[in-house]
Enquirer: 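One structure coming up, written as structure tokens, with questions to follow.
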Amino acid sequence: MSMINSKLPHVGTTIFSTMSALAAKHGALNLSQGFPDFATPARLLQQLNHHALAGQNQYPPMSGVADLRSEIAKLVARCYQREVCPEQEITVTSGATEALFVAIHTLIQAGDEVIMFDPAYDSYEPAIALAGGRCKRLALSPPDYRPDWQQVADAITDKTRCIIVNSPHNPTATLLSKQDWLQLEKLVLENELFLISDEVYEHIVFDDHARLSANSFPDLASRSFVISSFGKTFHCTGWKTGYCVAPKALSREFRKIHQFVTFTSFTPAQHALADMLAEEPEHIDQLGAFYQQQRDYFASEMAASRFTLLPSTGTYFILGDFSAISDMADTQFCEWLTETAGVAAIPLSVFYETPPDSKIIRFCFAKQHSTLQAAAKKLCLL
């Protein structure tokens, strides 16, 4: 049988799968892959069971269960003071990854350029490549990882179609400030670009920082696909349920592709999430404080280590500089850390097109205190 020509010849197994497999092989504590090990809220599980037993097991509407879209519209209004139409501007997707893929394919045609920031989540570029587009990857630098908006302006050409941002940002745990959002809005509007705003950690913001979104800026929102995830918000990443908020005309084109990718998403979960949003809205409002406590606990346990922890202002990640411990490359160090010290983390360089010579790795603190304590004890011995 003749071999096919790969459409993604440079893509292998993701670093998340690789490090989780290595952690399992060596029995290491897994602070690498970004999933919480907290229980999914009891009310959400009860309602999932209720709706499955009640017969909500067939195809829902292609755009999502009406009650869930209505609750999402209320959430957007409550958090960002933006009124969106649940019928025409909200689409439920099979996770944020599907929404990102569909948004990219809605916008990008052969030869189009997309500006994105490194370190970047690994699903962006493959989707752009499959659409025939080209990435312009602008590197952010430690310790603050702030975009240089003049550099962005200089990177825009007549082929530039859109910009992708992610705030709160994985993997750097930083936020776009209000001034950043305004600068971004100016560039998008002046150059008639579009924005794909990856906001899966939108409710996990620390230290009294404002929860800001592309939804917070009406003119920017008018040219944006805003993508969110229930998996991060409700500790149920395996449910793979997210959504995209976009203006009517953009949503119409988005749905044309969405219907041929997954068509729709798991029915009883959609009903359960609608109930959770309506009945326990405080869960979302308390999420930032919950994860801030997790961050502070891990940081305190790591105080005696030789790692230098960088500021974490959002997400459930924190970066650690290991230059006082080893001169290994970060990928090699993470393998050594997993095999020898018994703790798995993610090297930051894998999120870059041109990997920097940095000694920075990413830890996930969305774990039980006992796990964080045991991991920190091992890390403090290095």
Enquirer: If the threshold is 4.0 Å, N to carboxylate O, is there a salt bridge linking D207 and R295?
Expert: yes
Enquirer: Centres of the F225 and F194 rings: under 6.0 Å?
Expert: no
Enquirer: Between Y80 and F217, is the ring centroid distance below 6.0 Å?
Expert: no
Enquirer: Compare every heavy atom of L250 with every heavy atom of S222, then report the nearest pair and how far apart it is.
Expert: O-CD1, 4.4 Å
Enquirer: Just by distance, no angles: are the side chains of E253 and T106 close enough, under 3.5 Å, to form a donor-acceptor pair?
Expert: no
Enquirer: Which pair of heavy atoms, one from A221 and one from A214, lies closest together, and at what distance?
Expert: CB-O, 3.6 Å
Enquirer: Determine whether L44 and L273 make a side-chain contact, defined as any pair of heavy atoms from C-beta on separated by less than 4.5 Å.
Expert: yes
Enquirer: Within a 6.0 Å radius of atom NZ on K377, are there more than 12 heavy atoms belonging to other residues, nucleotides or ligands?
Expert: no
Enquirer: Using a strict cut-off of less than 4.0 Å between a Lys/Arg side-chain nitrogen and an Asp/Glu carboxylate oxygen, indicate whether R211 and D285 qualify as a salt bridge.
Expert: yes
Enquirer: Using a strict threshold of under 4.0 Å (side-chain N to carboxylate O), is an ion pair present between E125 and R137?
Expert: yes
Enquirer: Taking the ring centre of each residue, are H235 and H283 less than 6.0 Å apart?
Expert: yes
Enquirer: Does the side chain of D330 come under 3.5 Å of the side chain of S349 through a donor N or O and an acceptor N or O?
Expert: yes
Enquirer: Any ion pair linking R134 and D112 (charged N to carboxylate O, less than 4.0 Å)?
Expert: no
Enquirer: Would you list the pairs meeting salt bridge (Lys or Arg N to Asp or Glu O under 4.0 Å) in which at least one residue belongs to residues 41-50, sequence neighbours left out?
Expert: R43-E279
Enquirer: For D208, does the CG atom sit with more than 12 other heavy atoms under 6.0 Å from it, leaving out its own atoms?
Expert: no
Enquirer: Answer yes or no: are there more than 12 heavy-atom neighbours, outside E83 itself, under 6.0 Å from its atom CD?
Expert: no
Enquirer: Would you name the heavy atoms of K136 and A155 that are closest together and state the gap between them?
Expert: NZ-O, 2.7 Å
Enquirer: Just wondering, do F230 and Y243 contact through their side chains at under 4.5 Å, heavy atoms?
Expert: yes
Enquirer: Do the two ring centres, one from F38 and one from F290, sit under 6.0 Å apart?
Expert: yes
Enquirer: Do the side-chain N and O atoms of S20 and Q33 include a donor-acceptor pair separated by under 3.5 angstrom?
Expert: yes
Enquirer: Write down the atom of G34, the atom of R362, and the distance for their closest heavy-atom approach.
Expert: N-NH2, 3.9 Å
Enquirer: Hey, does H169 have a side-chain heavy atom less than 4.5 Å from the side chain of Y145?
Expert: no
Enquirer: Test Y316 against every option in F363, F365, Y201 by the ring pair (Phe, Tyr, Trp, His ring centres under 6.0 Å) rule and name the one that passes.
Expert: Y201
Enquirer: Is the distance between the ring centroids of F307 and F322 under 6.0 Å?
Expert: no
Enquirer: Within the 3.5 Å criterion, strictly below it, is a donor on E113 or T157 matched to an acceptor on the partner's side chain?
Expert: yes
Enquirer: Would you say the ring centers of Y291 and F206 fall short of 6.0 Å from each other?
Expert: no
